[in-house]
Amino acid sequence: MYKEKNKLWEEACRHLEETLPKDIFEKWIAVIQCRSMENDTAVLVVGNDFYLSWLEEHYLPLIRQALGVVSGRNMQIKLTVDYTLISEAPEERRGKTRSLLPSKRTPVETNLNKNYTFDSFVVGPSNQFAHAASIASAQSPSRAYNPLFIHGDVGLGKTHLMQAIGNFIFSKNARGKVCYTTCEAFTNEYIEALQTNTLAKFRKKYRTMDVLLIDDIHFLAGKERMQEEFFHTFNAIFENHKQIVMTSDRPAGELSGLTPRLVSRFEWGLVVELESPDIETRVAILRKKCDLLNLTIDQNLLFYIAERISSNIRRLEGALIRVASYISLTGQGLDRSKLEYLLRDTLDQEKRQAVDIETIQKAVADHFDIHLGDMVSRKRPQNIAWPRQVAMYLSRNMTNQSFPVIGDAFGRNHATIVHACQLVEQRQIEDLKLRQTLSLLRQRISHSAQKTE
Ligand code: ADP
Ligand code: MG
């Protein structure tokens, strides 16, 4: 099977090598790894998001065609990122284009992505506390903060920061057992261990780590058995005085369906939050990525991109890649209107997210047929209190605002908002009708936010 999949992929590569310019082939195709080739679907893997978006935009049809030619079948392609594909760039070659480019594989010593370092992480007000805490943990593992719990919305740098800790520790001590894993991969490994009767091995592996970096821990929510297993892993590592770092898309206390004993453990050490970066930080991040990718892009254009994309750094990078690929493929410069056209989907996504609390309050009040003023009133009857809690929950989920800011908008304190969010989240697990209502409200709110743009 293995041979078969490689053979087909190799042939497709040869075909592409003949049709594409050499540098393009080497830069974009030779780095792809074929994971499997089953049921007419090729699973192809690259080492980071840059590659994924670039390939999707430019080379996927060509690759599909090449596979079709060599196999004589109509092949589907599933392109994914495996952050554990590591770079083989020698130190001296790093710095320019190499460091963001993924990589062919070398024997894995750690499964860390070498590009996620403190060097490549831009510090600004939105992340400086999290950054400082990460540096401290990296310099004195298990002594500074244990566990370190990093939370924040998607695309704000959690994985990057966590891997930077791992890379730093690994660079000081290559014999240390540093392990990065996502909570999902950890769960799958556990299930496999159960099925193959290798639980003892699984436990030994994780419980004897020097540094365990476990990404997207929110995945544990609602999974009791996994929580039990992780509880023991956590205790073992902690008792050995080894470092644990976790990330989550929200604070531990807000994860519904997480056992209190885990919540309390997650808060034992230091909890830090990554927030949306301000405009200066966004520009600095774009400049840094340009350096790393060896791109020259007009400063005004960078500013224009940074100004319009604010909620997600991954999206910001995606926009940069789009612009860079346009310039490199067409050899043409870009003016504002071309840029706007090129980034229209991304800009739309951003607009949809630009929702303010008042819009949410209005939509919810309308839906439940109460007065807008009831959103901030002291009245407590359930027919008013409940819509208010729903609005608080949607405000937290649909805007980038912090609890205190949302609290102010409702004339309530931070704890009331946290409570409302937990309540609504909990109820919707069992209540289909509520889920439908929330989905309807989200649609209406996004729609009216777009209209007011
Ligand atoms: P998360 O895990 O929070 O969803 P990631 O760590 O995957 O986010 O970050 C998304 C992308 O944004 C990555 O490519 C990462 O390198 C980049 N990124 C995030 N924050 C920064 C930063 N402060 N400086 C440079 N790049 C950043
Ligand atoms: Mg992540």
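In what follows, residues are counted from 1 in the order of the sequence shown. In listed order, ligands and their atoms are each counted from 1.
- Side-chain contact annotation: S120 with T117, donor-acceptor N/O pair under 3.5 Å present.
- The number of protein N, O or S atoms lying under 2.8 Å from the Mg ion (ligand 2) is 1.
- Considering I417, T416, D408 as possible partners of F403, the one that fulfils the side chain to side chain contact (heavy atoms under 4.5 Å, CB included) test is I417.
- Judged purely by distance below 3.5 Å, without hydrogens or angles, the side chains of Y304 and E340 pair a donor atom with an acceptor atom.
- Note that CG of L194 and CD of E189 are 11.5 Å apart. Values are rounded to the nearest 0.5 Å.
- Heavy-atom distances between K289 and ligand 1 reach below 4.0 Å in at least one pair.
- Distances between N or O atoms of V123 and those of ligand 1 include no value under 3.5 Å.
- The shortest non-hydrogen separation linking L156 to S276 is CD1-N, 3.9 Å.
- At a 3.5 angstrom cut-off on N or O pairs, L156 counts as close to ligand 1.
- Using a 4.0 Å cut-off between heavy atoms, S120 contacts ligand 1 through its backbone alone, with no side-chain atom that close.
- Comparing H160, H131, K158 by heavy-atom distance to atom 16 (O) of ligand 1, the nearest is H160.
- In this structure, the ring of F238 has its center less than 6.0 angstrom from the ring center of W268.
- The heavy-atom pair separating Q299 from R287 by the smallest distance is OE1-NE, 2.7 Å.
- Checked against a 3.5 angstrom limit, the closest N/O atoms of G155 and ligand 1 fall inside it.
- Taking the six-membered ring where the residue is Trp, the centroids of F230 and F186 are separated by under 6.0 Å.
- The N127 neighbourhood of ligand 1 comprises atoms 23 (N), with distances under 4.0 Å to a heavy atom of that residue.
- Close N/O approach between V122 and ligand 1 is found [any backbone or side-chain N/O within under 3.5 Å].
- For E317, every heavy-atom contact with ligand 1 shorter than 4.0 Å involves the side chain, none the backbone.
- More than 12 non-hydrogen atoms from other residues, nucleotides or ligands lie less than 6.0 angstrom from CD of E56.
- Classification of the H131-F121 ring pair by plane angle, with boundaries at 30° and 60°, yields parallel.
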